[in-house]
**Student:** 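Here it is: the structure, laid out below.
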Amino acid sequence: MIDDYRKAHKIGVRQVQTDIAAGRYPYPVALGDILSDRGYQGEVPIGEMEIDMSLIAGTRTRGRQNSFSREFMPLLEDNSEFATKWSALIDSQRKEGLHESIIVYEYLQRFYVQEGNKRVSVMRYLNMPTIMANVTRVLPMPSDSKESRIYQDFLRFWRVAPIYGIVFSEEGSYERLAVFAGHDLDTIWPEDDVKTLRSVFSSFAEAFARRDGDRLDMTAGDAFLVYLKVYGYELAMCGSPTEIADRLGRIWGELRVKSNGESIAYLESPSEPARSSLISDLKGLAQRALLAKPMHIAFIYELDPTTSGWAAAHDKGRRELERASHGTVETTVYTDCKSDEAFDRAIDKAVADHCDLVVTNVPTQMPQALRAAVRYPHLKVLNCSVSLSHSAVRTFGTRTYEAKYLLGVLAASLSCNHRVGYVADAPVYGTVASINAFAIGVQTVDPHATVFLKWYASKDYDWRRELAETDVRVICARDVPDLRHPEEPWGLYLVEHDGTEVHLGEPVWDWGRYYERIVQSIRDNSWRHEADMRRDKALNYWWGLSSGVMDIHVEDVVPFRQRVLVEVFKQAVQSGQMRPFAGELKSQIGIVQPAGSDRLPSNEIARMSWLNENVVGRLPEERELSDRALDEVSVSGVIPLDPVVAAHREAKR
């Protein structure tokens, strides 16, 4: 009908005007123009198939390119022969459908029409999702560019699961998708699995587009991986398009944060209560009235406090919180919740018991915590970690590097041979900052001292023997005791010449006080205010010595003068006069920042991956890590993992 053509023509004219105003090319791009700049190495016939209309990007050659807007809406006048043919096509489509396939060329997962431009225009006008096409692939020139490497990954994916449209912006993403699906990129997938993935992704991509996902700095494929990570493949592949759209809506905040460069707001001191107004004062009265009803908090531990020193420290804080609250806070503990099944049972029980807040105490619980927060949007969820970017789960931790700086000062003052040892756990966010702060503390007291770095996370090697062979006797080891092996040294300790190990000091966390501050922020509405002030950012509480939630303990066996020295440095750190990562910083390979520089940004400290110039050692490689360390690094590691290894760890969680 000519009326349809006139409507489509108006749409096309508006699209051209909008594109010109925005400085965009207003017509379909020609593949010939692209290839004239880049070249190509050949063409491969793919055959006839149904293709997604949204992937049609332009025309094969210029031809009658100016007959269409960028979105293939017609531009010629309604009295033209073109308009008559277009109108006949739409009538035919409505009566019996368009059965003849268009001819397209695929280049980097986008289609360019050789024959059938008007059919594409009609189908776009009718909002048809797909069209039959005879496809020829144009192979790009070999290149070491990121775009080329990603496309080579796609070609591997296509051979086992021929699906167009799942476009990623990062290398290794097709590997991750295959692992999520329980497959790989070497063996052809079952046809039913391919059909299911194609259908579900199509529904997901439509929902993503309806939410204006193109405004995010990510592709629909990137967002789909987040969707699979949160919900798991089995659940993600189930449900109607409406249910898929609903699940997408629940994780939209996660996508905004991720598309914002994984932006994290580091809250480095406890917030002051939000400013009051008449409305907030009334709310405050209501909240105070509700204090008669205790706040319920669920603590979900991956391990048991009787066997884990870290869990024991947090559980001590939980008990202190209850005592300090005088009955206004009630807590419930769930232990040994490492598996998804155990964690989900604990969450379901906590929700059934009307818990207000859930606390998880290790970074490896973040995937489970995120899933719970998405499933129960009303639930406040905390995870003890640093620099993990999720909007639904807030993270909390301490600037442990400040305490390690002080222990470095103490270690250097007690070493008689300019040699100090440091045994780190795993190369995750925050760990390298602690190593370097310790090394800088050592260097501050003894410019000639060397820090020998070893790793608990490395398998099959004896770090104690290696330190002994290099005559290292002052050693900074794990932060909390290993309750399964209480004889093992921890904290800062000295090895006497007869082999006796003397404990000298350790970092101390006041988790009870930390939890009190968090509870107070919820009650005085600071919790909500913090989110309102930092939209589209992940919130990370990252408090240090000045907040009173951490300290160091120095044993009485340490000589008086050394204890005084540590106290002087502690006062300087608390007041801000001494900042380990301000001023000149030198790594093992050169200058990090020159003298006179301000403190490194929080994100650079948390995600630090260089080692200070006086450190002897390196970060471990993937092949050297234990299974437990691989789990930790796959969540918050500062070293790269092979995409397949990372994907398997991710899917396993």
**Student:** So, the side chain of Thr444 versus the backbone of Ile440: is there a donor-acceptor pair under 3.5 Å, distance only?
**Tutor:**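 Answer holds: yes.
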**Student:** Measure the acute angle between the ring planes of Trp509 and Trp310, then classify it against the limits of 30° and 60° as parallel, tilted or perpendicular.
**Tutor:** perpendicular
**Student:** Gln443 and Asn612: side-chain donor and acceptor closer than 3.5 Å?
**Tutor:**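 Present: a donor and an acceptor within the cut-off.
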**Student:** So Leu545 and Leu406, do their side chains get closer than 4.5 Å, heavy atoms only?
**Tutor:** yes
**Student:** Salt bridge or not between Arg628 and Glu632? Use side-chain N to carboxylate O under 4.0 Å.
**Tutor:** yes
**Student:** Would you say the ring centroid of Tyr461 lies under 6.0 angstrom from that of Trp455?
**Tutor:**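 For Tyr461 and Trp455, the ring centres are not under 6.0 Å apart.
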**Student:** Any Lys/Arg nitrogen of Arg464 or Glu488 sitting under 4.0 Å from an Asp/Glu carboxylate oxygen of the other?
**Tutor:** yes
**Student:** If you apply the rule salt bridge (charged side-chain N to carboxylate O under 4.0 Å, His left out), what do you find for Arg579 with Glu402, and how did you get there?
**Tutor:** CA-CA 8 Å; Arg579 295 178 295 171; Glu402 294 178 351; over 6 Å; no
**Student:** Drop me the distance from Ser173's OG to Phe224's CZ, to the nearest 0.5 angstrom.
**Tutor:**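 Rounded to the nearest 0.5 Å, the OG-CZ separation comes out at 12.5 Å.
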**Student:** Step by step, would you call Ser602 with Glu268 a side chain to side chain donor-acceptor pair (under 3.5 Å)?
**Tutor:** CA-CA 9 Å; Ser602 300; Glu268 298 200 16; 2.2 Å; yes
**Student:** Would you compute the distance between atom CG of Leu382 and atom CG of Asn361 and round it to the nearest 0.5 angstrom?
**Tutor:** 11.5 Å
**Student:** Report yes if the side chains of Asp153 and Arg149 come closer than 4.5 Å at any heavy-atom pair, otherwise no.
**Tutor:** no
**Student:** To the nearest 0.5 Å, tell me how far Lys404 NZ sits from Leu410 CG.
**Tutor:**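 The distance works out to 13.0 Å.
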**Student:** Are the side chain of Gln588 and the backbone of Val615 linked by a donor-acceptor contact shorter than 3.5 Å?
**Tutor:**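 A pair under 3.5 Å: yes.
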**Student:** Test your reading of the model: is there a side-chain donor-acceptor pair from Ser575 to the backbone of Gln571, 3.5 Å cut-off?
**Tutor:**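 Yes; at least one donor-acceptor contact below 3.5 Å.
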**Student:** A side-chain contact here means heavy atoms from C-beta on lying under 4.5 Å apart; do Cys384 and Thr360 qualify?
**Tutor:**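 Side chain of Cys384 against side chain of Thr360, heavy atoms only: no contact under 4.5 Å found.
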**Student:** Taking it one step at a time, do Tyr422 and Phe438 satisfy ring-ring contact (aromatic ring centres under 6.0 Å, His included)?
**Tutor:** CA-CA 8 Å; Tyr422 192 106; Phe438 179 85; 5.1 Å; yes
**Student:** Salt bridge check: are Glu320 and Arg513 linked by an N-O gap of less than 4.0 Å?
**Tutor:** no
**Student:** Tyr334 vs Phe343, test: side-chain contact (heavy atoms from CB on, under 4.5 Å). Steps then yes/no.
**Tutor:** CA-CA 8 Å; Tyr334 302 89; Phe343 188 94; over 6 Å; no
**Student:** Do the side chains of Val359 and Leu357 get nearer than 4.5 Å, heavy atoms only?
**Tutor:** yes
**Student:** Which heavy atom in Pro489 sits nearest to a heavy atom in Ala477, and how many Å separate them?
**Tutor:**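 Pro489 and Ala477 have their closest heavy atoms at O-CB, 4.2 Å.
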**Student:** Go through the structure and list residues passing salt bridge (charged side-chain N to carboxylate O under 4.0 Å, His left out) with Glu506, not counting sequence neighbours.
**Tutor:** none
**Student:** Flag the pair Asp222 and Lys258 as a salt bridge only when some basic side-chain nitrogen lies within less than 4.0 angstrom of an acidic carboxylate oxygen.
**Tutor:** no
**Student:** Please examine the side chains of Tyr493 and Val495, heavy atoms only from C-beta on, and report whether any two atoms are closer than 4.5 Å.
**Tutor:**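 Side chain of Val495 against side chain of Tyr493, heavy atoms only: contact under 4.5 Å found.
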**Student:** Mind checking the CD-CD1 spacing from Glu567 to Ile552? Nearest 0.5 Å is all I need.
**Tutor:** 8.5 Å
**Student:** Could you tell me if the side chain of Asn436 sits less than 4.5 Å from the side chain of Ile605, heavy atoms only?
**Tutor:** no
**Student:** What is the ring orientation for Trp542 with Tyr401, classed by angle as parallel under 30°, tilted 30 to 60°, or perpendicular over 60°?
**Tutor:**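 The arrangement is tilted - the two ring planes meet at 30° to 60°.
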**Student:** Trp527 vs Tyr541 aromatic rings, parallel, tilted or perpendicular, using cut-offs 30° and 60°?
**Tutor:** tilted
**Student:** For residues Thr450 and Asn614, is any side-chain donor paired with an opposing acceptor at under 3.5 Å?
**Tutor:**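 No, because no side-chain N or O of Thr450 sits under 3.5 Å from a partner of the opposite role on Asn614.
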**Student:** Would you say the side-chain atoms of His390 pair up with the backbone N or O of Ala538, donor to acceptor, closer than 3.5 Å?
**Tutor:**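 Not at all, since once roles are kept as given, no pair shorter than 3.5 Å links the two residues.
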**Student:** Would you check if Ile251 and Tyr231 make a side-chain contact, meaning some heavy-atom pair closer than 4.5 Å?
**Tutor:**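 Ile251 reaches Tyr231 side chain to side chain.
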**Student:** Determine, stepwise, if the pair Asp315 / Tyr301 fulfils side chain to side chain donor-acceptor pair (under 3.5 Å).
**Tutor:** CA-CA 9 Å; Asp315 203 52; Tyr301 302 140; 3.0 Å; yes
**Student:** Could you state the interatomic distance from OG1 (Thr335) to CD1 (Ile300), rounded to the nearest 0.5 Å?
**Tutor:**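 Rounded to the nearest 0.5 Å, the OG1-CD1 separation comes to 11.0 Å.
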**Student:** Less than 4.0 angstrom from a charged side-chain N to a carboxylate O is my criterion; do Lys459 and Asp627 meet it?
**Tutor:**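 Salt bridge: no.
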**Student:** Pick one: which of Arg535, Arg394, Lys537, Lys380 meets salt bridge (Lys or Arg N to Asp or Glu O under 4.0 Å) with Glu530?
**Tutor:**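 Per the salt bridge (Lys or Arg N to Asp or Glu O under 4.0 Å) rule, the option paired with Glu530 is Arg394, out of Arg535, Arg394, Lys537, Lys380.
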**Student:** Measure the CD-CD distance between Glu604 and Gln593 for me, rounded to the nearest 0.5 Å.
**Tutor:** 8.0 Å
**Student:** Would you check if the distance from the ring center of Phe299 to the ring center of Tyr515 is below 6.0 Å?
**Tutor:** yes
**Student:** Between Arg323 and Glu516, does a salt bridge (charged side-chain N to carboxylate O under 4.0 Å, His left out) hold up when you go through it step by step?
**Tutor:** CA-CA 11 Å; Arg323 284 195 296 269; Glu516 286 179 52; over 6 Å; no
**Student:** Ion pair present between Lys338 and Glu302, side-chain N to carboxylate O less than 4.0 angstrom?
**Tutor:**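 Looking at Glu302 together with Lys338, the answer is no, because their closest N to O distance does not fall below 4.0 Å.
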**Student:** For Arg465, does the CZ atom sit with more than 12 other heavy atoms under 6.0 Å from it, leaving out its own atoms?
**Tutor:** yes
**Student:** Judged by atom type as modelled, is there a donor-acceptor pair below 3.5 Å linking the side chain of Thr470 to the main-chain atoms of Glu466?
**Tutor:**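 Answer holds: yes.
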**Student:** If a pair satisfies salt bridge (Lys or Arg N to Asp or Glu O under 4.0 Å) and one of its residues is in residues 417-441, list it, with sequence neighbours excluded.
**Tutor:**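 Sorted result for residues 417-441: empty, none.
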**Student:** Check step by step if side-chain contact (heavy atoms from CB on, under 4.5 Å) holds for Asp536 and Ser263.
**Tutor:** CA-CA 8 Å; Asp536 296 340; Ser263 181; over 6 Å; no
**Student:** Can the ring centroids of Tyr514 and Phe396 be said to lie less than 6.0 angstrom from one another?
**Tutor:**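 Judged by ring-centre distance (under 6.0 Å), Tyr514 and Phe396 do meet the cut-off.
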**Student:** Check whether any side-chain heavy atom of Val592 lies under 4.5 Å from a side-chain heavy atom of Phe581, and answer yes or no.
**Tutor:**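 Val592 does not reach Phe581 side chain to side chain.
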**Student:** Indicate whether any N or O donor in one side chain lies under 3.5 Å from an N or O acceptor in the other, for Asn417 and Ser415.
**Tutor:** yes
**Student:** So does Pro427 get a backbone contact from the side chain of Thr431, meaning a donor-acceptor N/O pair under 3.5 Å?
**Tutor:** no
**Student:** So, is the end of the Arg607 side chain (NZ or CZ) under 6.0 Å from the ring centre of Tyr429 and within 45° of the ring's axis?
**Tutor:** yes
**Student:** What verdict does the side chain to side chain donor-acceptor pair (under 3.5 Å) test give for Glu322 and Thr331, after you've listed the backbone C-alpha separation in whole Å, the side-chain angles of each residue and the deciding distance to 0.1 Å?
**Tutor:** CA-CA 7 Å; Glu322 277 199 335; Thr331 67; 2.8 Å; yes
**Student:** Can a donor-acceptor pair be found, under 3.5 Å and without considering hydrogens, that links the side chain of Glu254 to the backbone of Leu370?
**Tutor:** no
**Student:** Cut-off 3.5 Å, side chains only: do Thr395 and Asn540 have a donor facing an acceptor?
**Tutor:**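 Indeed, the side chains of Thr395 and Asn540 share at least one donor-acceptor pair under 3.5 Å.
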**Student:** Would Asp340 and Gln368 count as a side chain to side chain donor-acceptor pair (under 3.5 Å) if you check the C-alpha gap in whole Å, the side-chain angles of each, and the deciding distance to 0.1 Å?
**Tutor:** CA-CA 7 Å; Asp340 284 350; Gln368 298 164 323; 3.0 Å; yes
**Student:** Going by atom types only, do Ser145 and Glu147 share a side-chain donor-acceptor pair under 3.5 Å?
**Tutor:**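 No, no side-chain donor-acceptor contact under 3.5 Å.
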